[in-house]
Student: 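One structure, pasted below without further comment.
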There are 2 protein chains.
Amino acid sequence: MRNAEFDKEKVLRAAMHAFLTKGYAKTSMQDLKKATGLHPGSIYCAFENKRGLLLAALEQYRLDRSAEFEQFFSASESTLVNLKSYLDNVVAECISCDNTQACLMTKALNEIAEQDEEIQKVISQNLSTLQLAFAEKFEQAKQEKTIGVEKDTGHLARYFLMGIYGLRTFAQTHPQEHELKQLAEQLYQDVLR
Amino acid sequence: MRNAEFDKEKVLRAAMHAFLTKGYAKTSMQDLKKATGLHPGSIYCAFENKRGLLLAALEQYRLDRSAEFEQFFSASESTLVNLKSYLDNVVAECISCDNTQACLMTKALNEIAEQDEEIQKVISQNLSTLQLAFAEKFEQAKQEKTIGVEKDTGHLARYFLMGIYGLRTFAQTHPQEHELKQLAEQLYQDVLR
DNA sequence: CTCTTTCTTGAATGTGCATTCAAGATACTC
DNA sequence: GAGTATCTTGAATGCACATTCAAGAAAGAG
């Protein structure tokens with residue numbers, strides 16, 4: 001017997017970074033070897049192939065982002081304040097102009113989902129889960145009486161998510177702090193209204 | 001003497017379609033040959049290389065979208081009504097689930113801009129121009145007194161564009177007519193407010 | 001009709017890549 | 001400490017691809 005030597009989480013986060021920096025197609029096994037420290041054979045042993053590594057990286061990304069989400073909403077503030085913090089964090093990521101802070105889901109969605117049904121499905125599910133999580137938070141805000149009871153929390157979640165997608169895309173060509181903050185502020189206001 | 005036989009616009013639109021369907025990296029010269037009807041040699045003669053073909057396709061896309069934009073705003077309605085028509089058209093494109101109706105600018109932005117400064121620049125310029133065009137339309141609406149004089153038309157344009165980006169991304173995982181129309185409707189209302 | 005110029009053709013080239021695999025290394029078992 | 005099972009290594013493989021190029025075709029000039 002003998003156990004694998006590498007730390008799967010670390011490897012997957014390194015792969016995430018590589019894919020986020022160069023995109024899936026342009027990230028070669030060479031790049032992945034350099035990024036993860038794993039030799040081709042090990043990668044193929046652990047993840048079947050490059051596509052398998054992407055799928056595993058997507059799953060790790062989901063876990064990480066999910067934990068981050070819970071972090072934001074476990075703060076001792078009202079749900080709406082936490083929501084604003086979450087949004088501000090998105091803006092901060094945009095301003096940093098650091099590709100590795102982008103969203104791997106939407107990045108992969110754009111590049112490959114159309115060509116690969118399984119990946120499309122995985123990404124759709126993950127984004128649906130996020131949407132649902134937002135809806136729950138809006139439902140919570142309703143109970144905290146910070147938004148009206150007549151609100152369609154499903155719609156609010158969709159609109160909020162749409163705003164985040166838009167913000168991230170917009171920032172890719174115009175990463176100006178003031179403008180992005182203004183956009184986020186209006187998005188937040190519009191969701192509350 | 002002898003003139004080139006192919007119709008450059010047709011070729012570029014075919015290339016656009018190919019790139020929109022498979023993405024840049026996964027579109028092989030084989031695919032481009034099939035799509036455009038041009039043999040490799042001709043493509044290299046006319047556009048230098050695959051990257052040159054993409055740049056030319058991006059330019060053609062800009063021209064086509066620009067003409068389409070003018071179409072919408074030359075309708076004999078108020079500027080705001082025309083703006084709503086434009087937005088409804090975006091939604092219709094999203095609902096169609098036809099990749100070739102997606103935005104080549106944002107698609108290319110996601111896949112390659114980070115790796116290629118020139119392409120990044122070209123796309124940024126084109127999207128800035130679109131943003132400016134929207135700002136002008138909002139300015140026009142101001143003069144038509146359909147939006148308040150105190151509005152920051154630059155901000156409105158950015159918010160509207162952000163919404164369109166978000167809508168398009170959202171539709172990639174949830175192309176449901178009712179939801180998209182609802183999102184577009186709120187976006188329109190929020191811009192007017 | 002001939003010559004010249006330019007365009008078209010598509011097979012050939014070489015490169016870069018994902019993937020494989022057999023030899024070597026390491027840890028665990030008894 | 002010998003044996004075995006599993007992991008690691010990285011060079012070898014073969015394929016797919018972008019790009020080139022020389023021969024062939026067509027158009028215009030004179």
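Just so we're clear, the structure is a prediction, and the values are computed from it rather than from any experiment. Protein chains get the first letters and strands the later ones, always in sequence-line order, with residue 1 at the start of each.
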Student: Please check if the distance between the ring centroids of A:F134 and A:F69 is under 6.0 Å.
Tutor: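 Distance test on ring centres: under 6.0 Å, yes.
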
Student: For residues 48-59 of chain B, which residues have at least one heavy atom under 4.0 Å from DNA chain D?
Tutor: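 Under 4.0 Å from DNA chain D: B:N49, B:K50.
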
Student: I would like to know whether A:T79 and A:Q140 meet side-chain hydrogen bond (donor to acceptor under 3.5 Å, both in side chains); could you show each step before the answer?
Tutor: CA-CA 7 Å; A:T79 303; A:Q140 211 169 302; 3.3 Å; yes

Student: With a 4.0 Å heavy-atom cut-off, tell me which residues in residues 30-44 of chain A come close to DNA chain D, sorted by residue number.
Tutor: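 Only A:H39, A:P40, A:G41, A:S42 qualify.
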
Student: Is A:E68 salt-bridged to A:R65, cutoff N-O under 4.0 Å?
Tutor: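 Yes, charged N to carboxylate O under 4.0 Å.
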
Student: Flag the pair A:K84 and A:E185 as a salt bridge only when some basic side-chain nitrogen lies within less than 4.0 angstrom of an acidic carboxylate oxygen.
Tutor: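 A salt bridge is present here (some side-chain N lies under 4.0 Å from a carboxylate O).
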
Student: To the nearest Å, how far apart are A:M29 CE and D:dC15 P?
Tutor: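 Result: 19 Å.
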
Student: So, do A:L12 and A:F47 sit near enough that their side-chain heavy atoms are less than 4.5 Å apart?
Tutor: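 Yes; the side chains approach each other to less than 4.5 Å.
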
Student: Taking only Lys NZ, Arg NE, NH1 and NH2, and the carboxylate oxygens of Asp or Glu, determine whether B:K121 and B:E117 approach each other closer than 4.0 Å.
Tutor: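 Result for this pair is no, no salt bridge flagged.
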
Student: Which atom names give the shortest non-hydrogen contact between B:A25 and B:E111, and what distance separates them?
Tutor: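 Where B:A25 meets B:E111 most closely, the heavy atoms are N-OE2, 2.9 Å.
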
Student: Within this structure, what is the CZ-to-P distance between A:F47 and C:dT20, rounded to whole angstrom?
Tutor: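 Rounding to the nearest Å, CZ of A:F47 and P of C:dT20 are 16 Å apart.
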
Student: Identify the residue among A:L87, A:D88, A:V91 that makes a side-chain contact (heavy atoms from CB on, under 4.5 Å) with A:K181.
Tutor: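 Filter result, single survivor: A:V91.
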
